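Note that these values count all heavy atoms, side chains included, but never hydrogens, waters or copies made by symmetry. Residues take their numbers from the sequence shown, with the count starting at 1. This structure is a prediction, so every number in the text was calculated from the model and none was measured.
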Amino acid sequence: RKALAMAEAATDERARRWRAPLYNNVGEIRHERREYAQALADFRQALAAYETRGNVRNLRFARWKVGRAERMLGRLDEAQRVQLDLAAETERAGEPDGYVYEELAEIELARGDAAGARVWAAKAYALLKNDPDLQAGEPARIARLGQLAAEAKTP
């Protein structure tokens, strides 16, 4: 928080550029603590800071985080809108994102739509099953997506 206050007060643009990752990191800590409203506020601040930088991948990541926080707050329509926009954008760019598809599956599960969740989970699993970071750190997450994906193929 001290570094964030310093970055906010800075007049040097290089120092101000730290606002985006710092807000993101604070938001992630709050998300892990299940402080979703505060996390959403931080992720929105990160998004605004990333918008000044213009890096498309960072912007997408920041938007994804906003959408995830919206879902955690039960704001499923808003969350879905964010993730569907990201899905369309990344597909148009030829860079489909398994994490976006995974989040869309989570939204459908939160709505009680298991069939809809399975379709998104299958798309997510196809892209994430070989992700080395997930394999190393979250193998249960991959297994869960795989289970949902397999169920999508079951008549």
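- Partners of Y101 under the ring-ring contact (aromatic ring centres under 6.0 Å, His included) rule, at least two apart in sequence or in another chain, are W120.
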For this session: Could you walk me through whether D42 and R30 pass salt bridge (Lys or Arg N to Asp or Glu O under 4.0 Å), step by step?
Result: CA-CA 9 Å; D42 290 323; R30 287 181 167 166; 2.8 Å; yes

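- Of the charged side-chain nitrogens involved, none lies within less than 4.0 Å of a carboxylate oxygen, so that R111 and E106 do not count as a salt-bridged pair.
- Atom CZ of R16 has more than 12 heavy atoms from other residues, nucleotides or ligands within 6.0 Å.
- A salt bridge is absent between E108 and R118; no separation between the charged side-chain nitrogens and carboxylate oxygens falls under 4.0 Å.
- The shortest distance between side-chain heavy atoms of V66 and R63 does not fall below 4.5 Å.
- Annotation: side chain of E89 is not in contact with side chain of D85 (no heavy-atom distance under 4.5 Å).
- Residue Y50 is not grouped with residue V56 when hydrophobic side chains (ILVMFWY) are merged at heavy-atom distances under 4.5 angstrom, including chains of intermediate members.
- Remark: D12 engages R14 in a salt bridge, criterion side-chain N to carboxylate O under 4.0 Å.
- By the criterion of side-chain heavy atoms lying less than 4.5 angstrom apart, applied directly or through intervening Ile, Leu, Val, Met, Phe, Trp or Tyr residues, L40 is grouped together with L59 in one hydrophobic cluster.
- Closest approach of G67 and A79 over heavy atoms only: O-CB, 3.3 Å.
- A salt bridge links K123 to E91: one of the charged nitrogens lies within less than 4.0 Å of a carboxylate oxygen.
- Look at E70 and R44 and you find a salt bridge, because one of the NZ, NE, NH1 or NH2 atoms lies within 4.0 Å of a carboxylate O, short of that distance.
- Atom CD of E13 sits about 6.0 Å away from atom OG1 of T52, to the nearest 0.5 Å.
- Between E78 and R75 there is no salt bridge, since no side-chain nitrogen of the basic residue lies less than 4.0 Å from a carboxylate oxygen of the acidic one.
- With hydrophobic clusters built from ILVMFWY side chains whose heavy atoms lie under 4.5 angstrom apart, W64 shares a cluster with L84.
- The main-chain N or O of A121 is never found under 3.5 Å from a side-chain atom of E102 such that the two would form a donor-acceptor pair.
- Remark: E28 pairs with K65, R68 by the side-chain hydrogen bond (donor to acceptor under 3.5 Å, both in side chains) rule, at least two apart or across chains.
- Legend: residues meeting ring-ring contact (aromatic ring centres under 6.0 Å, His included) with Y99, ordered by chain and number and at least two apart, are absent.
- Between Y23 and L47 the shortest side-chain heavy-atom distance does not fall below 4.5 Å.
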